[in-house]
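In what follows, chains are A, B, ... by sequence order, proteins preceding strands, each numbered from 1.
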Amino acid sequence: MLVLQTIRENPEEIIRRLAIKNFDARELIFTIIALDDKRKETQKMLDDNLAQSNSLAREIGNLFKAGKTEEGNLLKEKTSELKELAKELSVTFEATKKELEEVLVKVPNLPHPSIPPGTTPEDNEIVQQEGDFPVLADDAVPHWDLAAKYNLIDFALGNKISGAGFPVYKGKVARLQRALINFFLDQAIQAGYEEIQPPYLVNAASGYGTGQLPDKDGQMYYAPVDDLYLIPTAEVPVTNLYRDVILKESDFPVKNVAYSSCFRREAGSYGKDVRGLNRLHQFDKVEVVQLAHPDKSYEVLEEMRLYVSGLLRMLELPFRVVKLCGGDMSFTSAMTYDMEVWSAAQKRWLEVSSISNFESFQSNRMKLRFKDDTGKTQLAHTLNGSALALPRIVAALLENNQTAAGIKMPAALVKYTGFEMID
RNA sequence: GGAGAGAUGGCCGAGUUGGUCUAAGGCGCACGCCUGGAAAGUGUGUAAUCGCCAAAAGCGGUUCAUGGGUUCGAAUCCCAUUCUCUCCGCCA
């Protein structure tokens with residue numbers, strides 16, 4: 001949620017910057033300003049009214065104490081009119097505030113000034129590319145075929161017990177996943193992140209805090225009996241750890257890492273992009289979250305990009321880093337780098353991580369603040385990134401490392417997997 | 001799931017015969033004094049948020065789990081909800 005003050009200060013600039021995200025905000029912005037004007041006006045009247053009531057009540061109290069019952073009773077009569085008006089005003093006030101809030105949450109985050117315009121992934125800016133594409137034998141196959149050949153992943157069995165998008169991992173690939181999780185967590189801890197094990201079910205307030213609600217509620221699994229949502233990413237519970245928290249400036253940077261399963265309904269997805277491990281309803285991910293001082297958040301974003309690059313390098317996967325254009329960015333993000341790994345057998349880039357700076361968009365919703373040097377409270381910046389999501393990493397590892405003798409594990413993983421080869 | 005107790009500021013904790021209560025006291029924290037330096041001691045300060053104001057100062061509103069109610073007036077009384085604790089039941 002954008003800070004109301006900044007909207008009021010330069011509405012035209014807000015509109016211009018949101019146009020980079022292909023979002024026409026003009027109507028929303030002016031509705032917001034009008035509602036806020038109304039809110040202020042109503043509050044002024046209400047406050048004055050309440051101030052009068054309060055002073056009358058005090059007077060009456062003093063009269064009764066002094067034994068001047070009659071005068072007190074006389075004064076009581078004056079209050080009823082005030083009370084009635086106050087009731088009316090507060091109804092208007094609350095309704096206006098609610099209406100304002102509802103419109104305000106519809107406005108996306110502002111893209112950073114450096115974000116290129118654009119509408120599709122083709123308009124994204126490639127900022128880094130590393131590693132050689134592996135040269136595979138002519139009979140190289142995509143991971144779903146390898147999974148069948150070595151009896152690693154059973155998609156049909158997953159269908160039976162849950163449905164499409166819930167694969168069953170077996171044997172060495174199950175162990176590979178466990179190895180990856182530990183590898184990623186250990187790396188993050190070494191890089192100064194504190195490990196968190198968060199709940200997988202969260203309440204609506206948490207979903208709202210990180211921006212999944214109200215606009216993307218169809219993407220989360222929901223348990224109505226208990227009014228809880230399954231997390232689509234550990235970002236939700238971990239960032240919400242700091243909801244309604246006022247940090248000290250010296251607390252920065254706050255660095256958390258969490259492994260969790262992630263649950264996504266992926267309503268509306270189909271086709272070749274969802275084949276095999278490319279898109280799942282349940283998958284595992286290690287997520288890093290940082291809270292940063294507003295002056296430092298873009299340095300932190302770069303630090304996170306370098307950190308994830310390092311992971312991919314250790315896994316010996318060719319990758320590139322893409323800075324998303326306005327049209328490809330999420331609702332909540334101010335700047336996003338996508339990390340993509342080259343899948344040799346599918347001959348395409350697979351997104352394995354998305355690293356974003358949300359600036360104060362999430363923290364404004366969550367009331368995540370810190371006290372600065374001068375003792376003033378201001379909003380912190382939040383950032384997060386996958387480090388990393390497993391399924392597509394597994395897909396790329398299987399595909400890129402296939403040989404006639406079997407699938408070779410990258411050296412960095414062997415001490416975690418306990419084997420060098422899937423055969 | 002059943003029975004009972006409870007929810008006050010960063011933390012502990014007083015206040016529940018309704019009246020100047022944002023709320024005693026303590027701890028913590030910040031700044032000073034003391035000290036060669038520290039500890040101890042000592043002094044001062046120490047909630048958030050909204051509105052009025054160009055801003056500071058100042059003034060006003062709101063907040064004692066949440067929502068409603070009674071009343072001129074509610075931390076204090078009533079109702080509902082949520083959560084926590086204790087006991088019982090169930091249980092990895």
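Among A/Tyr222, A/Tyr208, A/Tyr200, the one residue that satisfies the ring pair (Phe, Tyr, Trp, His ring centres under 6.0 Å) test with A/Tyr229 is A/Tyr222.
You'll find that the side chain of A/Arg39 is closest to B/G51, out of B/A48, B/G51, B/C72. You'll find that the side chain of A/Lys371 is closest to B/A47, out of B/G61, B/A47, B/C72. Nearest to the side chain of A/Thr377, among B/G60, B/A48, B/U71, sits B/A48.
A donor-acceptor pair under 3.5 Å links the side-chain atoms of A/Thr233 to the main chain of A/Glu235, judged by distance alone. Under a 3.5 Å cut-off, the side chain of A/Lys323 and the backbone N or O of A/Thr336 do not form any donor-acceptor pair.
We find that CG of A/Asp47 is positioned 17 Å from P of B/U49, with the value rounded to whole Å. The interatomic distance linking A/Leu50 (CG) with B/G51 (P) rounds to 16 Å, in whole Å. Look at CG on A/Asn203: it is 12 Å from C1' on B/C83, rounded to the nearest Å. Atom-to-atom, NZ of A/Lys248 to P of B/A48 comes out at 15 Å; the value is rounded to the nearest Å. Regarding A/Met366, its CE atom lies at a distance of 16 Å from the P atom of B/U49, rounded to whole Å. Separating the CD atom of A/Gln5 from the C1' atom of B/C50 is a distance of 12 Å, rounded to the nearest angstrom. Rounded to a whole Å, the CG atom of A/Asn54 is 10 Å from the P atom of B/U63. Atom CD in A/Glu94 sits roughly 13 Å away from atom P in B/U62 (whole-Å rounding).
Nucleotide B/A30 has B/U44 as its partner under the Watson-Crick or G-U criteria, with both atom distances under 3.5 Å. In this structure, B/A80 and B/U66 make a Watson-Crick or G-U wobble pair, each of the two defining distances being under 3.5 angstrom.
Taking side-chain N and O atoms only, A/Arg369 has a distance below 4.0 Å to OP1 or OP2 of B/U49.
Residues A/Ser55 and A/Phe93 each lie close to RNA chain B; by heavy-atom proximity, the contact nearer the 5' end of the strand is made by A/Phe93. Of the two residues near RNA chain B, A/Lys44 and A/Asn62, the one whose nearest nucleotide lies more 5' is A/Asn62.
Within the 4.0 angstrom heavy-atom criterion, no nucleotide atom of any strand lies near A/Asp48. Among the atoms of the strands shown, none is found under 4.0 Å from any heavy atom of A/Ser80. Within 4.0 Å of A/Lys38, counting heavy atoms only, lies no atom of the nucleic acid at all.
A gap of 9 Å separates the C1' atoms of B/G10 and B/C29, to the nearest Å.
For the residue pair A/Gln346 / A/Asn278, a side-chain donor-acceptor distance below 3.5 Å is found, with atom types taken as modelled.
A/Phe370 and A/Phe252 have their aromatic ring centers within a separation under 6.0 angstrom.
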